[in-house]
2 protein chains.
Amino acid sequence: MALGKDYATQECSIAGALEIVGERWTLLVIRDALYGVRRYKDFLVHLGIPRAVLAARLQMLTEEGILEKRRYQESPPRDEYVVTDRAIALWPALRALGRWGREHYGKTVLRTFEHTECGTEIGSYGECPACARVVPLEEVLMLPGPGLDPHPADPVSRALLKPKRLLQPIVVDQV
Amino acid sequence: MALGKDYATQECSIAGALEIVGERWTLLVIRDALYGVRRYKDFLVHLGIPRAVLAARLQMLTEEGILEKRRYQESPPRDEYVVTDRAIALWPALRALGRWGREHYGKTVLRTFEHTECGTEIGSYGECPACARVVPLEEVLMLPGPGLDPHPADPVSRALLKPKRLLQPIVVDQV
DNA sequence: ATGACTAGGTTCAGTGAACGAACTATCACG
DNA sequence: CGTGATAGTTCGTTCACTGAACCTAGTCAT
């Protein structure tokens with residue numbers, strides 16, 4: 001969105017948040033990062049985002065301290081983008097948006113999230129209704145729902161078909 | 001954002017939600033509507049949004065059932081835009097975004113929200129920590145914080161300086 | 001050492017959306 | 001009959017997104 005300049009006059013934390021995460025694609029990049037996507041190419045094929053936009057978003061999110069660029073191998077040199085506390089702190093907002101979308105516009109259930117400790121489905125803002133507390137993302141298990149395409153074209157979507165804990169890096173099947 | 005077409009391939013309720021509310025300005029229009037703004041001109045002066053964009057957003061939100069256009073006087077004919085349940089259901093997501101913005105980027109506290117029943121500050125997703133439940137918006141009192149400009153130029157910002165319940169229509173001081 | 005391949009970008013022309021100023025329509029009021 | 005308010009529409013400019021092509025560094029097989 002490049003909400004930048006105009007939103008500055010808004011005197012509101014919501015506007016402030018949207019200046020950072022309100023641009024097109026940004027929240028989906030963060031969502032993917034929380035799901036365990038870490039590499040440029042994996043974001044690229046999973047989101048279907050233009051390369052230039054992805055590069056710009058990753059750089060901006062890194063500068064804002066929402067992602068962290070980290071060297072994970074030296075030869076050839078390769079970096080991955082991993083979430084920071086700031087990205088994790090966005091999970092309740094993302095969860096609330098997702099629940100709203102599903103309840104008001106969703107035809108089928110695409111993914112469900114449950115608390116690993118007790119198997120209860122995570123509530124609207126990332127809490128476990130049974131345990132009555134917001135659960136850390138490491139304890140959230142993401143499961144494919146009935147509405148999900150069972151044979152997606154891209155390897156990242158295939159990797160996300162298996163039940164997995166959030167934040168755990170995805171394992172992409174080699175070709 | 002016009003997130004439209006591309007997000008459709010995303011198979012995700014978050015992407016679905018962003019197709020509706022992810023465009024530039026849209027979430028701020030909904031925020032204002034929840035604060036009690038109802039008229040075209042009030043949105044206009046408070047947001048500083050281009051007229052054409054505001055008209056497009058109001059029409060889209062009406063078509064999506066998030067706002068409802070309602071005739072409030074016949075002569076001259078005047079309509080106002082009032083929130084529906086779909087807009088109210090977005091409150092936890094907006095609250096979560098606002099809290100994230102304040103905690104990670106806010107310098108000062110601009111507004112606080114408290115539960116009218118008990119005076120406790122509303123939590124990150126619209127709940128009252130003392131009452132341990134999500135409180136209806138009618139029971140949320142919005143209060144100006146120390147970071148807010150005490151003498152804003154536009155009448156809508158001035159109207160929002162007084163403590164008021166959410167959803168209650170704003171009262172703009174006549175010139 | 002040569003060519004193919006991969007990861008992670010940058011560059012660039014075309015397009016679409018946002019911006020801001022000007023203009024229009026309708027009605028009330030004096 | 002002119003002025004002012006509300007709620008828009010129109011239009012030229014600017015800016016961001018898009019998709020395709022290109023680039024760089026390093027690995028691997030021949």
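For the numbers below, each heavy atom of this structure counts, side chains included, while hydrogens, waters and symmetry mates do not. To find a chain, count down the sequence lines: A is the first, B the second, and so on, and within it residues start at 1.
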Query raised in the report: If we ignore angles and hydrogens, is there a donor and acceptor under 3.5 Å between the side chains of B/H46 and B/D154?
Result: no
Report summary line: Rounded to the nearest 0.5 Å, the CZ atom of A/R70 sits from the CG atom of A/D79 at a distance of 10.5 Å
Requested in this report: Look at A/Y72 and C/dA7 and indicate whether a side-chain polar atom (N or O) is within less than 4.0 Å of OP1 or OP2.
Outcome: no
Query raised in the report: Are A/R51 and D/dT18 close enough that a side-chain N or O sits under 4.0 Å from OP1 or OP2?
Result: no
Query raised in the report: For the pair made of CG in A/D79 and P in C/dG9, what is the distance, rounded to whole Å?
Result: 7 Å
Query raised in the report: Checking all strands, does B/F43 fall into the base, sugar-phosphate, or nothing category for heavy-atom contacts under 4.0 angstrom?
Result: nothing
Query raised in the report: Between C/dA7 atom P and A/R70 atom CZ, what is the distance in whole Å?
Result: 19 Å
Report task. Would you please indicate if the ring centroids of A/W100 and A/Y105 are separated by under 6.0 Å? Result -> yes
Query raised in the report: Can we say A/E80 and A/K41 salt-bridge, meaning some charged N sits less than 4.0 Å from an Asp/Glu carboxylate O?
Result: no
Query raised in the report: Counting only side-chain N and O atoms of A/R57, is one of them less than 4.0 Å from OP1 or OP2 of D/dC17?
Result: yes
Report summary line: Taken to the nearest whole Å, CD/B/E80 to P/D/dG8 is 13 Å
Query raised in the report: Just to confirm, is there a sub-4.0 Å distance from OP1 or OP2 of D/dT18 to any side-chain nitrogen or oxygen of A/W25?
Result: yes
Report task. Could you tell me whether the phosphate oxygens of D/dA7, OP1 or OP2, come under 4.0 Å of any side-chain nitrogen or oxygen in B/K69? Result -> no
Requested in this report: Would you please confirm or rule out a distance under 4.0 Å between OP1 or OP2 of D/dA7 and any side-chain N or O of B/K41?
Outcome: no
Requested in this report: For the side chain of A/E23, starting at C-beta, report the closest nucleotide among D/dC17, D/dG26, C/dG9.
Outcome: D/dC17
Query raised in the report: With a 6.0 Å cut-off on ring centres, are B/W25 and B/F43 close enough?
Result: no
Requested in this report: Please state how far atom CD in A/Q59 lies from atom P in C/dT10, giving the value in whole angstrom units.
Outcome: 7 Å
Query raised in the report: Contact class for B/V53 (heavy atom, under 4.0 Å): base, sugar-phosphate, or nothing?
Result: sugar-phosphate
Query - Short side-chain N/O contact from B/R78 to OP1 or OP2 of C/dC27, under 4.0 Å - result: no
Query - Rounded distance (Å) that lies between atom P of C/dA18 and atom CG of B/L28 - result: 14 Å
Requested in this report: For A/P77 and for A/P50, locate the closest nucleotide of DNA chain D by heavy-atom distance; then report the residue assigned to the nucleotide nearer the 5' terminus.
Outcome: A/P50
Query - Nearest to side-chain heavy atoms of A/Y81, which nucleotide of D/dG8, D/dT10, C/dG9 - result: C/dG9
